[in-house]
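Right, one structure below, let's go through it.
Bear in mind that the values here come from a model prediction, so they are computed numbers and not experimental data. Chain A is the first sequence line, chain B the second, and so forth, proteins listed ahead of strands; every chain is numbered from 1.
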Protein chains: 2
Amino acid sequence: MADIPDPVTETDPDELRMIIQRLSRRIRVHRAADGISDAQLGVLFQLEKHGDRTPGQLAEHEGVTPPSINRTINGLEEAGWITRNPDPDDARRVRIRLTDSGSAIITETRRLRAAWFTQRLAILTPQERRLLQEVTPLLRRLSDS
Amino acid sequence: MADIPDPVTETDPDELRMIIQRLSRRIRVHRAADGISDAQLGVLFQLEKHGDRTPGQLAEHEGVTPPSINRTINGLEEAGWITRNPDPDDARRVRIRLTDSGSAIITETRRLRAAWFTQRLAILTPQERRLLQEVTPLLRRLSDS
DNA sequence: CATCGATCGTTAGCCTAGCTCATTAGCTTG
DNA sequence: CAAGCTAATGAGCTAGGCTAACGATCGATG
């Protein structure tokens with residue numbers, strides 16, 4: 001710890017960590033209501049943002065193992081939200097593609113969830129929300145690294 | 001949505017939500033290494049902070065159902081980190097108490113995890129960490145409400 | 001003071017979504 | 001062209017949520 005500057009420890013990493021966990025659990029619990037899981041939604045978001053992806057790419061970005069992402073993909077395929085397509089250059093690879101129905105469910109789910117989370121955010125003052133907004137990129141960097 | 005003021009939506013709730021989820025998953029994945037789960041650790045933290053608690057109190061604070069907390073408590077009891085004791089005033093109640101061994105594991109785990117998360121926080125600048133610290137109470141309110 | 005609804009903890013059984021390990025197919029390289 | 005590497009995936013395990021149901025105890029009330 002000696003090589004890490006003081007201000008780091010001022011943040012009380014432990015409390016922040018626990019809070020993130022609890023908040024995440026709340027979000028996850030809410031999920032059941034709208035018929036799509038967070039794991040699934042995370043994959044759909046990626047496909048929407050980047051176009052076709054392989055299972056390996058999806059797994060890496062989500063920070064889970066390939067078998068885990070595979071299960072998620074199976075569910076998405078059964079629901080008709082994605083298709084598996086061959087990769088023309090490498091037959092080992094599979095290209096996961098969003099279907100029209102998948103795009104539609106993203107839009108709808110985003111609407112539902114945004115409404116729910118937004119409502120939650122409404123307990124904060126406008127200034128506090130602005131602060132939170134500023135911090136979002138930091139949290140993203142923490143979650144990406 | 002019309003009844004919710006504009007600044008709320010500026011926060012892009014959806015992205016923040018997804019980031020929180022991913023960060024939480026990273027934290028959880030790291031967990032396996034140190035032999036105690038987040039669910040268990042959350043309970044031990046509460047006992048350390050507030051002294052004896054009933055299963056119901058623990059469940060409410062963690063935002064899970066009584067059967068869920070009960071399973072967690074079983075694990076903690078098997079590990080010898082807590083004991084179940086009768087409540088002198090109400091025989092329906094059970095008082096969960098931290099053992100010495102439980103206190104020790106908290107200290108040790110906190111050390112390990114703080115080191116890990118602190119290291120992660122080190123990718124931010126001192127100013128960014130200060131910002132994050134400011135936001136921590138807001139996140140707590142979001143996770144409590 | 002007996003009963004009856006409410007409360008507390010708990011067990012049973014289900015589901016999701018991680019994981020590891022093992023297998024198959026296809027690519028790449030000495 | 002064989003040996004080894006990589007990608008996807010299946011099987012089986014585990015943790016930790018959930019609901020439903022139950023027994024014990026408490027407290028209020030006829």
A:Q57 side chain to A:Q46 side chain, donor-acceptor N/O pair below 3.5 angstrom: no

Given C:dG26, D:dT9, C:dG18, the nucleotide with the shortest approach to the side chain of A:R92: C:dG26

Contact residues, residues 67-78 of chain A to DNA chain D [heavy atom, < 4.0 Å]: A:P67, A:N70, A:R71, A:N74

Atom pair distance, as rounded to whole Å: CD in B:E60 and P in C:dG9: 11 Å

Taking any heavy-atom pair under 4.0 Å as a contact, classify A:R95: base, sugar-phosphate, or nothing. nothing

Report yes or no: does B:R53 contribute a side-chain atom to a donor-acceptor pair with the main-chain N or O of B:I96 at less than 3.5 Å? no

B:R93 atom CZ is separated from D:dG27 atom C1', nearest whole Å, by 13 Å

Nearest whole angstrom, please: distance from the C1' of C:dG9 to the CG of B:D87. 12 Å

Between the main-chain N or O of B:N85 and the side-chain N or O of B:R97, is there a donor-acceptor pair closer than 3.5 Å? no

For B:Q40 and D:dA15, what is the distance between atoms CD and C1' respectively, to the nearest whole Å? 10 Å

Does anything in residues 47-59 of chain A reach DNA chain C, meaning a heavy atom under 4.0 Å, and if so which residues? none

Can you name the nearest heavy-atom pair linking A:I106 to A:L44, along with the distance? CD1-O, 3.5 Å

I need the CG-C1' distance between A:D89 and C:dT28, as an integer number of Å. 15 Å

C:dT10, C:dT20, C:dT7: which one has an atom nearest the side-chain heavy atoms of A:T65? C:dT20

It should be established whether B:R84 places a side-chain nitrogen or oxygen under 4.0 Å from OP1 or OP2 of nucleotide C:dT10. yes

Would you say A:T99's side chain and A:W81's backbone share a donor-acceptor pair under 3.5 angstrom? yes

Are B:P55 and B:N70 side-chain neighbours, meaning at least one heavy-atom pair lies under 4.5 Å? no

Is the closest side-chain heavy-atom distance between A:L139 and B:L132 below 4.5 Å? yes

Does any non-hydrogen side-chain atom of A:L41 lie less than 4.5 Å from one of A:I105? no

Would you kindly compare B:P66 and B:D90 by the position of their nearest DNA chain D nucleotide and give the one closer to the 5′ end? B:P66

Kindly indicate whether the side chain of B:R95, heavy atoms from C-beta on, has any atom under 4.5 Å from the side chain of B:D90. no

